[in-house]
Amino acid sequence: MLDSPFTDLDRPPLSQAALNRALVRPGSLWSGITVVDRTGSTNADLSASVRDGARQGAVLIAEAQFAGRGRLGRSWSAPPRSGLMFSVLLRPEPAAARQGWLPLLVGLAVASAVRSVAELDVRLKWPNDLLVGERKLAGVLAERVDSAVIVGVGLNVSLRADELPVETATSLAVEEAACVDRDPLIRAVLREIEIHYREWSQADGDADACGLRAAYLAMSATVGREVRVELPGERVLTGTATGVDHAGRLLVRSKDGEQTLSAGDVVHVRPHAS
């Protein structure tokens with residue numbers, strides 16, 4: 001019985017059948033939800049399914065990952081059932097030039113759900129982190145596979161302080177959130193993703209027309225901050241983050257003028273002014 005998912009009663013397993021009953025319906029974005037005990041990477045698994053013709057709206061949730069990936073190839077793992085580790089398969093119709101919004105859209109949806117269910121003041125660090133204060137609660141990773149986009153999310157839920165991978169991380173449990181039950185959390189997250197994705201799609205990817213850019217900026221922890229951005233090729237840009245443009249790129253005002261960044265590792269140099 002040591003391998004039973006019920007061994008740790010504080011970390012019960014998710015029910016694939018219950019999630020499908022709740023979220024997969026005619027007209028829904030979600031075409032099927034699969035829960036697996038363990039895998040290397042949900043993004044990698046869904047990427048492989050794209051080439052087999054998997055439908056838009058496939059969701060893969062792993063109770064444990066042993067080869068999870070973050071941005072810049074970073075690896076991470078967590079105790080089984082201590083977080084929400086999942087990927088979604090999207091086949092967006094808006095032009096590729098507007099699809100840079102997808103990881104930001106998913107991050108906003110996760111933050112909105114966590115704010116509602118867990119009652120925490122979650123903020124968004126461009127391009128793909130969710131913060132409580134300056135500590136990372138969750139991360140998002142989007143990857144293009146042919147004409148599809150796979151978006152993966154890792155959200156720390158019941159991790160205790162001594163289980164956090166780095167001192168700059170946090171979890172819903174550490175933050176004493178109102179809810180650390182993964183079932184209502186994943187339901188709320190997937191519903192929020194569906195709402196934002198549908199609105200963005202109906203607006204043909206126009207982030208202003210559907211209100212996405214305004215909603216993102218309202219929850220941004222980066223815009224208005226002094227930042228140091230580590231760019232490809234070991235370049236570093238320092239300046240003030242002034243906004244996010246129509247394509248989801250970060251605008252940074254430096255001594256050389258305003259720069260537009262589509263990728264980069266952002267460090268917040270100083271806290272928000274109170």
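Note: hydrogens, waters and symmetry copies are ignored here, and every other heavy atom, side chains too, is used. Remember, predicted model here, so these are calculated numbers, not experimental data.
With a 6.0 Å radius and a threshold of 12 heavy atoms from other residues, nucleotides or ligands, Arg55 has its CZ atom at or below the threshold.
Looking only at side-chain heavy atoms (C-beta outward), Leu131 and Val122 stay at 4.5 Å or farther from each other. With a 4.5 Å cut-off on side-chain heavy atoms, His196 and Ser112 count as touching. Side-chain contact between Arg91 and Ser147 is present, with heavy atoms from C-beta onward closer than 4.5 Å. Contact annotation: the side chain of Glu194 approaches that of Ser28 to within less than 4.5 Å [non-hydrogen atoms, C-beta and beyond]. In this structure, Gln259 and Leu251 have side chains that are not in contact, with every pair of non-hydrogen atoms separated by 4.5 Å or more.
Judged as a side-chain contact (heavy atoms from CB on, under 4.5 Å), and not counting sequence neighbours, the contacts of Pro94 are Pro92, Trp200, Asp204.
Of all the heavy atoms in Leu159 and Ala173, the pair that sits closest is O-CB, 3.9 Å. A pairwise comparison of heavy atoms in Thr34 and Gln16 identifies CA-OE1, 3.4 Å as the closest pair. Looking at every heavy atom in both residues, Asn43 comes nearest to Val151 through OD1-C, 3.8 Å. Among all heavy-atom pairs drawn from His268 and Val227, the shortest one is CD2-CG1, 4.1 Å. Across Val117 and Ala188, no two heavy atoms sit closer than the pair CG2-CB, 3.6 Å. Across every non-hydrogen atom of Val145 and Ser47, the tightest pair is CG2-OG, 3.4 Å.
Between the side chains of Gln56 and Tyr197, at least one donor-acceptor pair of N or O atoms lies under 3.5 Å. Side chain to side chain, Arg11 and Ser158 meet the donor-acceptor criterion of an N or O pair below 3.5 Å. No donor-acceptor contact under 3.5 angstrom links the side chains of Glu93 and Ser201, judged on distance only.
Salt-bridge formation is detected for the pair Glu63/Arg182: a Lys NZ or Arg NE/NH1/NH2 atom is positioned less than 4.0 Å from an Asp or Glu carboxylate oxygen. In this structure, Glu119 does not pair ionically with Arg115, as no charged nitrogen and carboxylate oxygen lie closer than 4.0 Å. A salt bridge between Arg225 and Glu134 is present, with a side-chain N of the basic residue lying under 4.0 Å from a carboxylate O of the acidic one. A salt bridge links Arg160 with Glu163: the closest approach of a Lys/Arg side-chain nitrogen to an acidic carboxylate oxygen falls below 4.0 angstrom.
Note that CZ of Arg249 is 9.5 Å distant from CG of Leu261, once rounded to the nearest 0.5 Å. Leu155 CG to Leu172 CG: the interatomic distance, rounded to the nearest 0.5 Å, is 5.0 Å. Here the CH2 atom belonging to Trp101 is positioned 7.5 Å from the OH atom belonging to Tyr216, to the nearest 0.5 angstrom. A distance of 4.5 Å separates CD1 in Ile61 from CD1 in Ile186, rounded to the nearest 0.5 Å. Rounding to the nearest 0.5 angstrom, the gap separating the CE atom in Met219 from the CG atom in Asp121 is 9.0 Å. The CZ atom of Arg144 lies 8.0 Å from the CG atom of Leu102; values are rounded to the nearest 0.5 Å.
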Step by step, work out the salt bridge (charged side-chain N to carboxylate O under 4.0 Å, His left out) result for Glu167 and Lys136. CA-CA 9 Å; Glu167 62 181 18; Lys136 181 175 175 177; over 6 Å; no
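Evaluated for a side-chain contact (heavy atoms from CB on, under 4.5 Å) with Leu190, the options Leu185, Ile195, Val110, Leu23 yield exactly one hit, Leu23.
Distance alone, capped at 3.5 Å, places no donor-acceptor pair between the Asp265 side chain and the Glu230 backbone.
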